[in-house]
Amino acid sequence: MTSDEKVILSQHPCFNHKVSRWFTRLHLPVATCCNIRCRYCSREYDCVNENRPGVASRPLPPRHVLKSVYNILSQDERIRVIGVAGPGEPLASNETIDALKRVHERYPHIIKCVSTNGLMLEDSLDQLESVGVKTITVTVNAVDPIIGSKIYSAVFYNNKPYQGIAGAKLLLNKQLAGIREARKRGMLVKVNTVLIPGINHHHLNQVAIAVKEAGAFIMNLVPFFPQAEFTLLPATSDGVLDGAKHELEPIIRQTKQNYQCFC
Ligand code: SF4
Ligand code: SF4
């Protein structure tokens, strides 16, 4: 482990639950649009991959972030991480880089973190590095394009729509390439996987193996909440979630949040 990674793990509560007693993170709701369509997504709320289901944030224009960060940091000394995780996809437009550039210039010592669906990760790494991002979360729900096509109805890349298996395959290739390249650059990667009963529940081993091989440090299983096209599927029970984490722990380290964090 590098000295940079040791510093991150000593301060980032999402990558090391042991420090969540002392340190916390602040999110900037600057990312407004998205470049994929998850069948469980209702755009009345924040990105389901990265946020608590049923909660919506009011978007914050990047030009206002410094005032907001200053106000919050002066009231809470425990903040060690500033993240962008929604309300849409952080890498689908320029707002995330614009906001984090402002924050990094003023607060270079604070860890910058981004949570993404991974489609634009590889293409955005130069910019992410230049604004001080050291930790990334990528949501990977399937590594089999047939299962992926049940979860994603469309993927938009370079102004072109991709649907069905073609869309799922493109997204998966971009996610794994992004994780590999982020890791090569010394970033720590967490993978979120939404456990969707009846869709990817029995596929999680394969996801864990593939993301571990690509270089992910830790995996976070996110409980599914029925909504949008998946309204009729059952929610993930605590028992199913705990059982899956237990099963995957030997493959890749699993998160152990002791506070509500879905990213
Ligand atoms: Fe919705 Fe997030 Fe999926 Fe985009 S990546 S469709 S915002 S859940
Ligand atoms: Fe936020 Fe997710 Fe990063 Fe934690 S890992 S700081 S919840 S973006």
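Just follow the structure's listing: the first ligand is 1, and inside any ligand the first atom is 1. Owing to the predicted nature of the structure, the values given are computational and were not obtained by experimental measurement.
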* Structure fact -> If we number the atoms of ligand 2 from 1 as shown, the ones under 4.0 Å from a heavy atom of T137 are 5 (S)

* Any chain of hydrophobic side-chain contacts (each under 4.5 Å) joining I8 to V84? -> no

* Structure fact -> Here the atoms of ligand 2 under 4.0 Å from any heavy atom belonging to K190 are 5 (S)

* Asked: Which ligand 2 atoms are under 4.0 Å away from a heavy-atom of S115?
  -> 8 (S)

* To do: Quick one: look at C38 and ligand 1, take heavy-atom pairs under 4.0 Å, and tell me if it's side chain, backbone, both or neither.
  => both

* Give a yes or no on whether L91 and V81 share a hydrophobic cluster (residues Ile, Leu, Val, Met, Phe, Trp, Tyr; joining criterion: side-chain heavy atoms under 4.5 Å apart). => no

* **H12 backbone or side-chain N/O/S under 2.8 Å from atom 4 (Fe) of ligand 2** => no

* Keeping the roles fixed (side chain from K190, backbone from L188), state whether a donor-acceptor pair exists under 3.5 Å. => no

* **F217: which of R183, R253, K212 passes side-chain contact (heavy atoms from CB on, under 4.5 Å)** => R253

* Asked: Near V81, which atoms of ligand 2 are under 4.0 Å from a heavy atom of that residue?
  -> 6 (S)

* Same hydrophobic cluster for L128 and L176, using side-chain heavy-atom links shorter than 4.5 Å among ILVMFWY? -> yes

* Asked: To the nearest 0.5 Å, how far apart are CG in L170 and CD in Q163?
  -> 12.5 Å

* Enumerated ligand 1 atoms positioned under 4.0 Å from heavy atoms of C41 -> 1 (Fe), 6 (S), 8 (S)

* **Numbered atoms of ligand 2 (with element) below 4.0 Å of H27, judged on heavy atoms** => 1 (Fe), 6 (S), 7 (S), 8 (S)

* In terms of ring plane angle, is the pair Y40 and F230 parallel, tilted or perpendicular, where the classes change at 30° and 60°? -> tilted

* To do: List every atom of ligand 2 that sits less than 4.0 Å from any heavy atom of C14, numbering the atoms from 1 in the order shown and giving each element.
  => 4 (Fe), 5 (S), 6 (S), 7 (S)

* Asked: Which atoms of ligand 1 sit under 4.0 Å from any heavy atom of N117?
  -> 5 (S)

